[in-house]
Protein chains: 2
Amino acid sequence: MDELDSAIVAHLQADARLTNRELARRLGVAPSTALERVRLLRERGVIRGYHADIDLAALNRPVEAFVACRVRPLSRAVIDNFKAALNSLPEVLASYVCAGDDDFILHVAVPDLERLHEFLIDRLSERREVLGFRSSIIFESTRKPVFAELPS
Amino acid sequence: MDELDSAIVAHLQADARLTNRELARRLGVAPSTALERVRLLRERGVIRGYHADIDLAALNRPVEAFVACRVRPLSRAVIDNFKAALNSLPEVLASYVCAGDDDFILHVAVPDLERLHEFLIDRLSERREVLGFRSSIIFESTRKPVFAELPS
DNA sequence: GTCGCTGCCGAACTTCGTTCGACGGCTCCT
DNA sequence: AGGAGCCGTCGAACGAAGTTCGGCAGCGAC
């Protein structure tokens with residue numbers, strides 16, 4: 001991970017469809033060099049994939065929320081089982097297994113508040129391992145590119 | 001947003017670097033058709049961009065957490081100001097303005113727990129609008145593609 | 001029925017991805 | 001200090017992909 005790698009990561013994070021030639025031009029290296037670097041970054045797992053960023057509102061899911069869950073007992077079986085269950089719920093965009101007040105944090109997207117309520121009482125409350133949960137409606141979200149180095 | 005658009009969105013969400021020809025082949029349409037559809041999806045804002053998915057551990061930031069903050073007063077000025085401040089903190093990957101127990105939820109990534117602690121006490125606690133916060137260390141995270149339609 | 005519109009197609013042209021042999025700098029060893 | 005081997009970079013060449021554009025077919029309106 002030298003400076004060139006960091007620059008590649010930064011550029012592809014901002015625009016994953018940059019042509020290799022354009023990437024090389026911006027870095028000031030030959031296209032073949034850029035290609036080889038990107039290949040190595042993928043091989044090493046630094047770049048895990050490329051994904052289109054989709055507007056949830058356009059997909060009729062304008063309402064987003066975080067749902068923080070507590071589940072019991074906190075055994076591996078229960079955790080794995082709950083994780084798998086979350087995976088098959090289309091409302092759930094992402095799920096996080098956590099330490100802290102909450103055991104799971106879910107990022108959900110639904111068409112409206114009614115569908116959120118339905119999700120909470122029909123999908124979560126129904127499950128016996130779920131002790132309780134708190135919901136936070138998301139008004140606005142901001143994502144940033146990740147930089148390789150943190151300033152001290 | 002017909003079926004073809006949905007299929008395009010699904011494919012590009014899974015792999016944003018699919019060649020247009022391969023995309024067209026999978027959809028069973030001509031490359032020029034696929035290209036035009038993708039162009040329209042971008043123009044309409046359905047596809048907002050393409051981003052490389054980077055392994056945070058490879059960038060020396062293996063420790064992730066959610067930090068839920070309460071700030072006061074909840075005025076527009078304070079909220080906008082806090083949002084802007086978060087934007088310039090490199091530890092913060094994403095920030096969310098929320099309704100619920102918490103006013104802000106931050107997704108942070110740091111090299112180690114010490115840096116997390118530093119962030120909390122030097123960056124957050126220092127700010128006068130911050131009443132308090134709760135942290136949840138992330139053990140495991142799972143993201144899923146977004147499907148256009150939710151089953152009823 | 002016909003006119004007009006919209007979306008899809010396929011060919012042509014431009015640009016890009018990808019491979020490969022060679023060159024240059026670096027390190028390590030003697 | 002000198003030489004050998006290695007790693008990363010380069011540039012050219014070829015095959016593949018992106019992009020444009022004219023035309024055509026299906027559909028709706030009048």
Please determine whether a side-chain nitrogen of the Lys or Arg among [X] and [Y] lies less than 4.0 Å from a carboxylate oxygen of the Asp or Glu.
X	Y	value
A:Lys83	B:Glu140	yes
A:Asp5	A:Arg37	yes
A:Arg134	B:Asp102	yes

**OP:** Heavy atoms only: give me the nearest B:Val71-B:Asp103 pair and the separation to one decimal.
**Re:** N-OD2, 2.9 Å
Original post:
Which pair of non-hydrogen atoms, one from A:Arg123 and one from A:Arg127, has the smallest distance, and what is that distance?
Top reply: O-CG, 3.3 Å
**OP:** Would you mind classifying the nucleic acid contact of B:Arg25 as base, sugar-phosphate or nothing, using non-hydrogen atoms under 4.0 angstrom?
**Re:** nothing
**OP:** Taking only heavy atoms on the protein side, list every residue of residues 27-36 of chain B lying under 4.0 Å from any atom of DNA chain D, sorted numerically.
**Re:** B:Ser32, B:Leu35
Original post:
Between C:dC8, C:dT18, D:dG18, which nucleotide has the shortest distance from any of its atoms to the side chain of A:Asn20?
Top reply: C:dT18
**OP:** Among C:dC8, C:dT18, D:dG18, find the nucleotide with the atom closest to the side chain of B:Leu4.
**Re:** C:dC8
Original post:
Which value, rounded to the nearest 0.5 Å, describes the distance between A:Leu4 atom CG and A:Thr33 atom OG1?
Top reply: 8.0 Å
Original post:
For the pair made of CZ in B:Arg42 and C1' in D:dG18, what is the distance, rounded to whole Å?
Top reply: 15 Å
**OP:** Would you kindly check whether a donor in the side chain of A:Arg37 faces an acceptor in the base of D:dG8, or vice versa, at under 3.5 angstrom?
**Re:** no
